[in-house]
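Residue numbers count from 1 along this sequence.
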Amino acid sequence: MKFTFPFFSRHILLLLLLFLLHTSLCLAASGTGGSWSLLLPSIGISAMHMQLLPTDRVVIFDRTDFGISNISLPSGKCRPNSTDCSAHSVEYNIASNSVRPLMVLSNVWCSSGTMMPDGSLVQTGGWGDGDHAVRIFKSCDQCDWHEMLSGLSQQRWYATNHILPDGRQIIIGGRQSFNYEFYPKKSATETDFFFMFLVQTNDPNVENNLYPFVFLNTDGNLFIYANYRGILFDYVHDKVVRTFPAIPGGDPRNYPSTGSAVLLPLRIAQGNVDSVEVLVCGGAPREAYNNANNGKFDKALDSCGRIKISDPDPQWVMETMPLARVMGDMLLLPNGDVLIINGASAGVAGWEVGRDPVLSPVVYGPDKPTESRFEVQNPSSIARMYHSTAILLRDGRVLVGGSNPHDRYEFSNVLYPTELSLEAFSPGYLDPILSGLRPNIISPTNKTTVRYKQRFVIQFQVSCPILDPNLVKVTMLAPPFNTHSFSMNQRLLILDGSNTTVAVGNSHYEVRVVAPSSGNIAPAGNYILFVVHQDIPSEGIWVRIR
């Protein structure tokens with residue numbers, strides 16, 4: 001006898017199969033190691049410096065003294081008293097995937113900068129006619145650079161900038177500049193301040209303390225790391241308040257033995273941050289710079305040092321990366337992981353002295369067990385060597401550009417040609433298989449303003465029917481200024497109240513959070529806010545804290 005299912009039984013079975021398939025996708029825990037896409041084969045310049053602005057545009061610039069670039073200035077413009085009619089800065093429009101040439105006049109080579117509370121980029125220093133310059137860029141359809149050639153007290157070449165709780169920025173160091181200063185100045189007579197720490201960390205004829213790693217601690221002081229050791233510095237009273245142990249091994253981590261560093265995510269609870277940690281990774285052995293200039297390219301460092309600067313007796317905890325790396329960039333991802341990307345496995349930073357590109361990024365999970373924190377990602381096909389950059393975008397992708405280890409644009413007959421392309425790395429959390437887990441923020445809307453200590457509600461949607469409220473958190477990222485393997489002003493906050501998620505409808509939820517309590521935890525300005533579910537972040541929205 002032939003057996004057949006009734007129609008309603010077949011219908012129920014089909015629904016059950018669809019439900020099981022949907023649920024299995026919802027329970028997927030991770031992506032596939034990320035993916036790469038070429039955005040533009042050429043933006044006309046090599047991306048030596050990058051900053052994401054609240055307009056969702058990226059200002060990018062190179063240097064002005066290498067010759068003609070591959071993109072012309074608009075309307076037949078040329079540089080004053082010059083036959084160079086090419087641009088050395090562009091604005092990249094993420095939405096249209098296009099660039100607009102900009103006119104930067106003074107030399108921005110190896111300069112520094114910080115996004116200010118009003119959303120403008122204030123950018124300082126450089127080489128030659130730009131070493132005392134302050135440049136301001138405000139993003140709009142017709143905006144261009146505004147420059148003040150004598151805006152600084154001292155020359156700043158390879159310096160580091162950081163935003164402060166009072167809305168000013170501090171500018172520290174630079175080649176043969178053993179001092180620091182502020183911008184804007186409080187008075188016409190304010191000048192620079194001598195900084196002995198930079199003298200003490202300077203290696204003769206090599207330096208190894210340029211582009212120092214600087215982070216604002218939650219007590220209002222600055223953690224400053226140069227060469228192989230760090231201090232806690234009270235810039236208000238111009239004094240060192242704490243000296244930290246030297247990193248084990250004593251190898252340099254700053255330019256030109258270029259490693260990178262991040263301030264690990266700051267978790268806010270009842271208005272405070274109990275634990276503040278810094279992670280320093282990569283670099284080169286102490287003799288690597290001299291050896292590279294003599295044709296011997298030492299293997300880069302494969303070690304990371306992690307130190308809890310909030311401890312009463314802080315000590316370095318060392319870890320080993322799966323790939324040795326010099327000139328790598330370290331970026332905070334919306335879910336609290338750290339992406340290590342770009343760079344080389346031998347040599348140092350500088351012209352023609354790096355070798356063997358590292359094509360595979362690595363993701364570091366700070367909260368994972370020690371033995372499983374590093375995960376190697378899928379490789380790019382483009383070498384990103386000296387003068388390469390990377391920044392996080394609001395949609396969770398990482399914008400990657402640059403690479404020019406030559407003193408001119410060189411496209412042939414060299415080991416590592418000048419790279420004018422832009423590409424995007426999509427971390428595993430953007431894998432389409434995880435789309436059911438990805439939150440979609442409904443409110444507040446983009447470009448919302450919140451005040452310190454303000455309680456506010458975030459409404460979001462997750463299409464999967466299964467949501468664990470304990471696996472939801474809200475993070476806020478301060479978009480950094482990136483150059484030379486260091487992201488200045490980079491900061492990720494995990495907001496207080498992230499575990500208060502409740503359902504308010506079919507696939508709709510809300511979470512009540514509290515804005516940071518002070519400028520020491522979050523300096524006033526523009527941040528990107530994300531809702532993260534099972535380590536899968538939403539697309540971010542711009543939020544301004546004041």
Q: Please determine, by modelled atom types, if N107 and D65 share a side-chain donor-acceptor pair under 3.5 angstrom.
A: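 On atom types as modelled, these side chains qualify, holding a pair under 3.5 Å.
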
Q: Testing the 3.5 Å rule here: is there a donor-acceptor pair between the side chains of S507 and S463?
A: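 Distance-only check fails for S507 and S463.
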
Q: Side chains of V134 and Y183: does their closest heavy-atom pair fall under 4.5 Å?
A: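 A side-chain contact exists here, since the closest heavy-atom pair is under 4.5 Å.
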
Q: If we ignore angles and hydrogens, is there a donor and acceptor under 3.5 Å between the side chains of N404 and T418?
A: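 Judged by distance alone, the side chains do pair up.
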
Q: Checking R168 against F182: charged group under 6.0 Å from the ring centre and within 45 degrees of the axis?
A: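 Yes, a cation-pi geometry holds between R168 and F182.
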
Q: If I compare all heavy atoms of L53 with all of V59, which pair ends up nearest, and what's the gap?
A: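 Heavy atoms only, the tightest pair is CD1-CG1, 4.3 Å.
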
Q: Supply the atom-to-atom distance M327 CE to Y386 OH, rounded to the nearest 0.5 angstrom.
A: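 Here the interatomic distance stands at 9.0 Å.
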
Q: Between T475 and L493, does the side chain to side chain contact (heavy atoms under 4.5 Å, CB included) criterion hold? Intermediate values first, please.
A: CA-CA 5 Å; T475 63; L493 312 169; over 6 Å; no

Q: Just one of I171, V214, N489, I172 clears the side chain to side chain contact (heavy atoms under 4.5 Å, CB included) bar with N161, so which one?
A: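 Considering I171, V214, N489, I172, a side chain to side chain contact (heavy atoms under 4.5 Å, CB included) with N161 is found only for I171.
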
Q: Looking at T483 and M48, would you say the former's side chain and the latter's main chain have a donor-acceptor pair under 3.5 Å?
A: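 Flag set: sc T483 to bb M48 pair under 3.5 Å.
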
Q: Using 4.0 Å as the upper bound for N to carboxylate O, is an ion pair formed by E375 and K368?
A: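 Salt bridge flag = yes for E375 with K368.
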
Q: Report the distance from atom CG of L393 to atom CG of L399, rounding to the nearest 0.5 Å.
A: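 Rounded to the nearest 0.5 Å, the CG-CG separation comes out at 5.0 Å.
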
Q: Provide the closest heavy-atom pair for S426 versus R397 in the form atom of the first, atom of the second, distance.
A: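 What the structure gives for the nearest pair is OG-CG, 3.6 Å.
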
Q: Do the side chain of W109 and the main chain of G128 share a donor and acceptor less than 3.5 angstrom apart?
A: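 No, the answer is negative, given that no donor and acceptor are paired below the 3.5 Å cut-off.
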
Q: Is the side chain of Y429 donor-acceptor paired with the backbone N or O of G396 at a distance under 3.5 Å, no angle test?
A: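 Yes, Y429 side chain to G396 backbone: donor-acceptor pair under 3.5 Å.
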
Q: Looking only at side chains, do S82 and D84 share a donor and an acceptor under 3.5 Å apart?
A: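 Distance-only check fails for S82 and D84.
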
Q: Once you round to the nearest 0.5 Å, how far does CG of L529 lie from CD of E539?
A: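 Here the rounded value is 12.5 Å.
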
Q: Quick check: does any side chain N or O of R267 sit under 3.5 Å from a backbone N or O of N272, one acting as donor and the other as acceptor?
A: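 Absent.
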
Q: Does F425 reach the side chain of S380, with side-chain heavy atoms less than 4.5 Å apart?
A: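 With C-beta onward as the side chain, the pair stays apart.
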
Q: Would you tell me whether T218 and N520 have side-chain atoms, one donor and one acceptor, within less than 3.5 Å of each other?
A: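 There is no such pair between these side chains.
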
Q: Under 6.0 Å between the ring centres of H88 and F66?
A: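 Under 6.0 Å, so yes.
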
Q: Less than 4.0 angstrom from a charged side-chain N to a carboxylate O is my criterion; do R57 and D141 meet it?
A: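 The answer is yes: the pair qualifies as a salt bridge.
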
Q: Are N482 and D329 close enough that a side-chain donor and a side-chain acceptor fall under 3.5 Å?
A: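 Note: N482 and D329 side chains meet the donor-acceptor criterion.
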
Q: For a quick check under 3.5 Å, do W145 and S89 share a side-chain donor-acceptor pair by atom type?
A: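 On atom types as modelled, these side chains qualify, holding a pair under 3.5 Å.
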
Q: Taking the side chain as everything from C-beta on, heavy atoms only, tell me whether M330 gets closer than 4.5 Å to L279.
A: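 M330 reaches L279 side chain to side chain.
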
Q: Can you classify the ring geometry of F481 versus F61 as parallel (below 30°), tilted (30 to 60°) or perpendicular (above 60°)?
A: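 It falls in the tilted class, 30° to 60°.
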
Q: Does the pair D131/R156 count as a salt bridge with the N-to-O cut at 4.0 Å?
A: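 Judged by the 4.0 Å cut-off on N to carboxylate O distance, D131 and R156 do not form a salt bridge.
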
Q: Is the side chain of W127 donor-acceptor paired with the backbone N or O of S111 at a distance under 3.5 Å, no angle test?
A: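 No; judged by distance alone, with no hydrogens or angles, the pair does not exist.
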
Q: Between the side chain of Y452 and the main-chain N/O of A524, is any donor-acceptor distance below 3.5 Å?
A: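 Such a contact is found between Y452 side chain and A524 backbone.
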
Q: Do the non-hydrogen side-chain atoms of T500 and V502 ever get within less than 4.5 Å of each other?
A: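 Result no, sub-4.5 Å side-chain heavy-atom pair not found.
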
Q: Looking only at heavy atoms, which two atoms of P80 and L105 are closest? And how far apart?
A: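 Closest heavy-atom pair between P80 and L105: CD-CD2, 3.6 Å.
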
Q: Using the rule given for side chain to side chain contact (heavy atoms under 4.5 Å, CB included), can you reason through F213 versus T160, listing the C-alpha separation, both sets of side-chain angles and the distance that settles it, and then say yes or no?
A: CA-CA 7 Å; F213 306 143; T160 295; over 6 Å; no

Q: Can you confirm whether V338 sits close enough to L332 that some side-chain heavy atom of one is under 4.5 Å from a side-chain heavy atom of the other?
A: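 When only atoms from C-beta onward are counted, L332 and V338 do touch, with a gap below 4.5 Å.
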
Q: So, applying side chain to side chain contact (heavy atoms under 4.5 Å, CB included) with K473, which one of T501, D535, L495, V511 is it?
A: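 The single option meeting the side chain to side chain contact (heavy atoms under 4.5 Å, CB included) with K473 is D535.
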
Q: Assess whether atom CZ of R512 is packed by more than 12 heavy atoms of other residues, nucleotides or ligands within 6.0 Å.
A: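 For R512, atom CZ is not crowded (no more than 12 foreign heavy atoms under 6.0 Å).
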
Q: Would a distance-only check, ignoring hydrogens and angles, find a side-chain to backbone donor-acceptor pair under 3.5 Å from R253 to V280?
A: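 Looks like no, no N/O pair under 3.5 Å.
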
Q: Taking C-beta and beyond as the side chain, do S106 and R135 meet within less than 4.5 Å on heavy atoms?
A: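 Heavy-atom side-chain distance check passes, below 4.5 Å.
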
Q: Any side-chain donor-acceptor pair under 3.5 Å between T448 and R544?
A: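 Side-chain D/A pair, T448 to R544: absent.
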
Q: If only atom types and distance count, is the side chain of S487 paired as donor or acceptor with the main-chain N or O of P480 below 3.5 Å?
A: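 Absent.
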
Q: Provide the closest heavy-atom pair for M385 versus S403 in the form atom of the first, atom of the second, distance.
A: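 That would be N-OG, 2.8 Å.
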
Q: Check this for me, if you would: do R384 and E423 make a salt bridge, where the nitrogen-to-carboxylate-oxygen distance has to be below 4.0 angstrom?
A: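 Result for this pair is yes, salt bridge flagged.
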
Q: Are more than 12 heavy atoms from other residues, nucleotides or ligands located less than 6.0 Å from atom CG of N506?
A: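 No, because the 6.0 Å sphere around CG of N506 holds 12 heavy atoms or fewer from other groups.
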
Q: If only side-chain N and O atoms count, and only distance matters, is there a donor-acceptor pair under 3.5 Å linking S139 with E91?
A: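 Yes - a donor-acceptor pair under 3.5 Å links their side chains.
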
Q: Checking Y158 now: which residues fulfil ring pair (Phe, Tyr, Trp, His ring centres under 6.0 Å) with it, not counting sequence neighbours?
A: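 Expected list: Y211, Y255, H484.
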
Q: Can you confirm whether or not the ring centre of Y235 sits under 6.0 Å from the ring centre of Y180?
A: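 Not close enough - the centres of the two rings lie 6.0 Å or further apart.
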
Q: To the closest 0.5 Å, what do you measure between CZ (F411) and CD (E419)?
A: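 Between atom CZ of F411 and atom CD of E419 there are 9.0 Å.
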
Q: List the steps, then state whether side-chain hydrogen bond (donor to acceptor under 3.5 Å, both in side chains) holds for S112 with T124.
A: CA-CA 5 Å; S112 52; T124 58; 3.3 Å; yes

Q: Just so I know, are the side chains of K453 and S517 near enough to count as touching, which here means a heavy-atom distance under 4.5 Å?
A: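 Answer yes - side chains close enough.
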
Q: What's the separation between atom CG in N97 and atom CG in L40, rounded to the nearest 0.5 Å?
A: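 CG of L40 is found 4.0 Å from CG of N97.
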
Q: Between Y92 (side chain only) and M50 (backbone N and O only), is there a donor and an acceptor less than 3.5 Å apart?
A: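 Absent.
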
Q: Between N70 and G44 (side chain of the first, backbone of the second, donor and acceptor by atom type, cut-off under 3.5 Å), is there such a pair?
A: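 No, because the side chain of N70 does not come within donor-acceptor range (under 3.5 Å) of the backbone of G44.
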
Q: Find the distance between CG (N378) and OG (S35) and round it off to the nearest 0.5 Å.
A: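 Between atom CG of N378 and atom OG of S35 there are 8.0 Å.
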
Q: Step by step, would you call L222 with N217 a side chain to side chain contact (heavy atoms under 4.5 Å, CB included)?
A: CA-CA 6 Å; L222 295 172; N217 192 21; over 6 Å; no

Q: In terms of side-chain geometry, is the basic nitrogen of R408 or E410 positioned less than 4.0 Å from the acidic oxygen of its partner?
A: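 No salt bridge links R408 with E410.
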
Q: Using a 4.5 Å cut-off on heavy atoms from C-beta on, say whether the side chain of N342 contacts that of V400.
A: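 In contact.
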
Q: Would you name the heavy atoms of L52 and I528 that are closest together and state the gap between them?
A: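 Reported closest heavy-atom pair: CD2-CD1, 3.8 Å.
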
Q: With side chain to side chain contact (heavy atoms under 4.5 Å, CB included) as the test, would you mind laying out the steps for C85 and K77 before giving the verdict?
A: CA-CA 6 Å; C85 303; K77 291 182 181 177; over 6 Å; no

Q: Between L323 and V362, which heavy-atom pair has the shortest distance, and what is it?
A: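 Closest heavy-atom pair between L323 and V362: CD1-CG2, 4.0 Å.
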
Q: Can you find a side-chain donor-acceptor pair between D56 and W542 that sits under 3.5 Å?
A: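 A donor-acceptor contact under 3.5 Å links the two side chains.
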
